[in-house]
Amino acid sequence: MKDQKKLELITSIVIAVSNCALYSQEHSIVRSLAEKAKDIIDDLIGDNESLEVMIIDNDLVFDNNPLKNKTIHTGSFIKKIHRKGVDKIIFKKGLETAELLKLITEIADSSRTVSQSLHISTGSVEVRLGDLSSITGFTKDEVEKFRSDQVTNVKEVFGVVSRYKKLDISGLEDIVINFISAFRKEVNILNIMSPFKSYSEFTYTHAANVAVLTLFQAESLGIKGDLLHDIGIAALLHDVGKMFVSNDILEKIGKLDEDEWNEIKRHTLYGAKYLMGQADIPRIAVSVAFEHHLRYDCKGYPETKLLKTKQHICSQIVALSDGFDAGRAARPYKQGIETVDLLSFIRKSSGTLFNPVLVNNFVKNYSNTLKFQQ
Ligand SMILES: [Fe+2]
Ligand SMILES: [Fe+2]
């Protein structure tokens with residue numbers, strides 16, 4: 001019975017947040033959902049002094065009792081408040097609807113942080129911003145540590161990838177939050193990109209770099225809020241299908257034969273299929289895994305009956321990041337090329353491999369960063 005109330009509370013808040021983002025906190029739907037949520041909170045507090053809602057390992061925990069039932073709304077609530085760097089909300093006796101409305105507005109607005117009020121306090125677990133929170137002066141060593149920490153985080157998440165295990169979505173969220181925070185702190189994108197170290201590390205550094213380049217593009221295109229986080233996660237996972245391709249093929253030195261090359265190409269299918277089975281992953285990640293080797297001119301792979309249909313814009317953004325980082329790194333089956341040559345390759349591929357609008361945006365912003373660094 002109480003669990004049902006808790007689910008109703010989360011559902012009311014999530015729907016209020018969505019409506020608030022669409023309309024405003026003055027909208028009657030938002031107000032009536034806030035009032036409903038306040039009544040449920042009063043009811044759940046009962047004779048106690050407060051109600052504590054925590055996120056632990058992607059679960060919602062009410063006053064130390066994990067909520068067993070999960071719905072699309074509980075998942076969305078966890079994602080939304082996690083992305084604010086919040087892991088705990090305490091509602092105190094005497095809560096006013098206006099305070100709840102303020103909280104709802106702050107969750108809905110991607111540019112605002114969640115603040116405290118008389119009857120609502122929030123807390124965050126320090127792991128969210130990782131070591132970056134302590135970086136203010138960005139010494140070379142600190143940025144380097146930040147960069148290698150993110151690659152280690154990617155490695156940890158990818159290390160457990162198997163057809164039978166659930167992907168650690170909160171680990172992925174943390175990496176994306178860390179990169180977004182790094183941009184906010186004006187860390188130069190060129191400093192966050194990981195250099196190529198070894199063949200066996202390539203999978204992880206490449207995933208991290210494609211995420212950095214994708215978030216860099218997406219932010220400069222004005223993408224924010226949930227979509228920014230989702231596209232960051234999709235970028236991290238774009239090549240997850242390679243975890244199902246044999247290392248003998250991935251790390252082969254020398255030319256691949258036709259069968260081996262076809263197996264490499266299948267990572268797009270393996271990745272999309274794997275992500276389809278992962279409930280908490282943004283759906284866009286499935287499209288990106290499937291489409292990131294399709295080209296703007298509708299060539300590329302995998303071959304589909306939908307040829308002549310353009311990729312999703314998020315896949316187009318990730319494809320550009322992928323092309324850039326793949327060219328940047330020395331690969332077992334391709335020698336690395338210089339950044340200037342790489343930018344000219346991207347420019348020459350405008351309209352064929354990549355969307356011209358994205359190419360212009362990328363080249364302009366990346367060149368500015370290069371100038372800034374000189
Ligand atoms: Fe790929
Ligand atoms: Fe890739």
Side-chain angles (χ1 to χ4, degrees), residues 150-151 154-155 157-158 161 167 172 175-176 179 189 192-218 231-247 249-252 256 260-276 278 281-282 284-296 298-304 311-337 342 345-346 349 352-355 358-359 362:
Q150 302 322 307
V151 175
V154 173
K155 210 170 171 177
V157 176
F158 277 38
V161 167
L167 202 55
L172 292 166
I175 300 165
V176 170
F179 283 143
I189 179 190
I192 323 178
M193 303 268 292
S194 296
F196 172 76
K197 282 201 184 112
S198 65
Y199 296 148
S200 55
E201 291 282 296
F202 176 75
T203 308
Y204 316 114
T205 53
H206 176 62
N209 287 343
V210 170
V212 168
L213 288 163
T214 297
L215 290 165
F216 172 70
Q217 289 188 71
I231 193 175
I233 289 173
L236 277 173
L237 292 170
H238 77 282
D239 270 340
V240 74
K242 286 197 178 159
M243 305 306 281
F244 304 103
V245 175
S246 134
N247 279 341
I249 297 179
L250 289 175
E251 294 173 13
K252 181 175 174 182
L256 298 170
E260 290 165 335
W261 187 234
N262 283 337
E263 177 64 1
I264 288 231
K265 285 178 170 177
R266 266 181 232 123
H267 78 276
T268 49
L269 306 175
Y270 298 151
K273 196 174 169 203
Y274 171 68
L275 294 175
M276 272 170 73
Q278 301 290 320
I281 296 297
I284 190 63
V286 177
S287 305
V288 169
F290 187 76
E291 295 180 337
H292 70 275
H293 286 287
L294 288 174
R295 303 165 28 142
Y296 185 72
C298 299
K299 294 178 184 163
Y301 65 87
E303 280 180 36
T304 73
Q311 303 143 280
H312 190 287
I313 186 72
C314 292
S315 305
Q316 294 181 18
I317 295 173
V318 174
L320 183 49
S321 308
D322 190 32
F324 190 82
D325 190 62
R328 201 174 154 264
R331 291 229 263 179
Y333 42 94
K334 209 184 259 174
Q335 287 297 312
I337 43 178
L342 214 41
F345 155 73
I346 297 283
S349 308
T352 51
L353 263 63
F354 310 122
N355 180 332
L358 298 181
V359 167
F362 184 87

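Indexing begins at 1, ligand by ligand and atom by atom, following the structure's order. Here the structure is a predicted model, which is why all the values come from computation and not from measurement. Residues take their numbers from the sequence shown, with the count starting at 1.
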For this session: Check D322 against H292 and note the closest heavy-atom contact, atom names and distance.
Result: OD2-CD2, 3.4 Å

For this session: Give me the ring orientation class for Y301 and H267: parallel if the planes are under 30° apart, tilted from 30 to 60°, perpendicular past 60°.
Result: perpendicular

Problem set entry | Pairwise side-chain contact, R295 with T352, heavy-atom cut-off 4.5 Å (strictly under) | yes

Problem set entry | Partners meeting salt bridge (charged side-chain N to carboxylate O under 4.0 Å, His left out) with K155 (sequence neighbours left out) | E201

Seminar exercise, completed: Protein-side N, O or S atoms sitting under 2.8 Å from the Fe ion (ligand 1) are D239 OD1, H267 NE2, H292 NE2, H293 NE2

Exercise. Which atom, counting only N, O or S, brings H206 closest to the Fe ion (ligand 2)?
Worked result: NE2

Exercise. What are the two closest non-hydrogen atoms of P282 and I233, and how far apart are they?
Worked result: CD-CG2, 3.9 Å

Problem set entry | Close side-chain approach of I231 to V288, heavy-atom, < 4.5 Å | no

